[in-house]
Amino acid sequence: DSIDFPTPGGYDTVLDGEDAFVAKLDASGSGFIWGTYLGGVANEDGRGIAIDPLGNAYVTGWTFSSDFPSVGGFQPSKAGMFYADAFVTKVSASGSTLVWSSYLGGSDDEEGRAIAVDGAQNVFVTGATWSSDFPSSIRERT
């Protein structure tokens, strides 16, 4: 909820409700490199992050926003009208770009709780769903 969260160099520098955030500190923990909000007009919560060998950040959590940034993702719009959907987002190593971002959900609630990336940059997400129509098979994008 903090309007003065540091967002130098970040993709999203404007707070829109209760947003998730991603921040990068230097190796010593004493220097702030970049920060960005991640969200839409409703509430978001970031729950997990993973980093690939190139320094890109993969983030998961949940969103109530129908305008959460969805760029090049497999699910471009929110599925649950009154419920939260999970989100999966790839942020560039510089923090200035969303490489891709997607909703992940059905007609009820979802929460992304943890995320991992393998050596081929395949993304694995775990969490919870209350949706009987949660996507159970997703065609691989080419």
Are the side chains of [X] and [Y] in touch, meaning some heavy atoms are under 4.5 Å apart?
X: L54; Y: Q121; result: yes
X: V91; Y: T97; result: no
X: T129; Y: D109; result: no
X: V88; Y: V123; result: yes
X: Q75; Y: S70; result: no
X: I115; Y: R47; result: no
X: S131; Y: Y83; result: no
X: V59; Y: F87; result: yes

### Task
Please test D26 against F32 for side chain to side chain contact (heavy atoms under 4.5 Å, CB included), starting from the C-alpha separation and ending with a verdict.
CA-CA 6 Å; D26 68 16; F32 192 90; over 6 Å; no

About how many Å separate [atom2] of [Y] and [atom1] of [X], when rounded to the nearest 0.5 Å?
X: D67; Y: S77; atom1: CG; atom2: OG; answer: 12.5 Å
X: K24; Y: I49; atom1: NZ; atom2: CD1; answer: 10.5 Å
X: T60; Y: E110; atom1: OG1; atom2: CD; answer: 11.0 Å
X: D52; Y: K90; atom1: CG; atom2: NZ; answer: 5.5 Å
X: T36; Y: F21; atom1: OG1; atom2: CZ; answer: 11.0 Å
X: D45; Y: R113; atom1: CG; atom2: CZ; answer: 10.5 Å

### Query
Partners of Y58 by ring pair (Phe, Tyr, Trp, His ring centres under 6.0 Å), sequence neighbours excluded?
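Y58 satisfies ring pair (Phe, Tyr, Trp, His ring centres under 6.0 Å) with no other residue.
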
For the residue pair [X] and [Y], what are the closest heavy atoms and their distance?
X: G105; Y: A79; result: O-CB, 3.5 Å
X: G73; Y: S102; result: CA-CB, 3.7 Å
X: L98; Y: P69; result: CD1-CB, 3.5 Å
X: E44; Y: T63; result: OE2-OG1, 2.5 Å

Kindly list each side-chain donor-acceptor pair under 3.5 angstrom involving residues 9-20, sequence neighbours excluded, with atom names and distances?
residue, atom, partner, partner atom, Å
D12, OD1, V14, N, 3.0
D19, OD2, D16, N, 3.1

### Query
Can you find a side-chain donor-acceptor pair between N56 and S92 that sits under 3.5 Å?
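No donor-acceptor contact under 3.5 Å links the two side chains.
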
Do you reckon [X] sits in the same ILVMFWY cluster as [Y], going by side-chain contacts under 4.5 Å, direct or chained?
X: W62; Y: W100; result: no
X: Y103; Y: V22; result: yes
X: F134; Y: F64; result: no
X: I33; Y: I51; result: yes
X: V125; Y: V99; result: yes

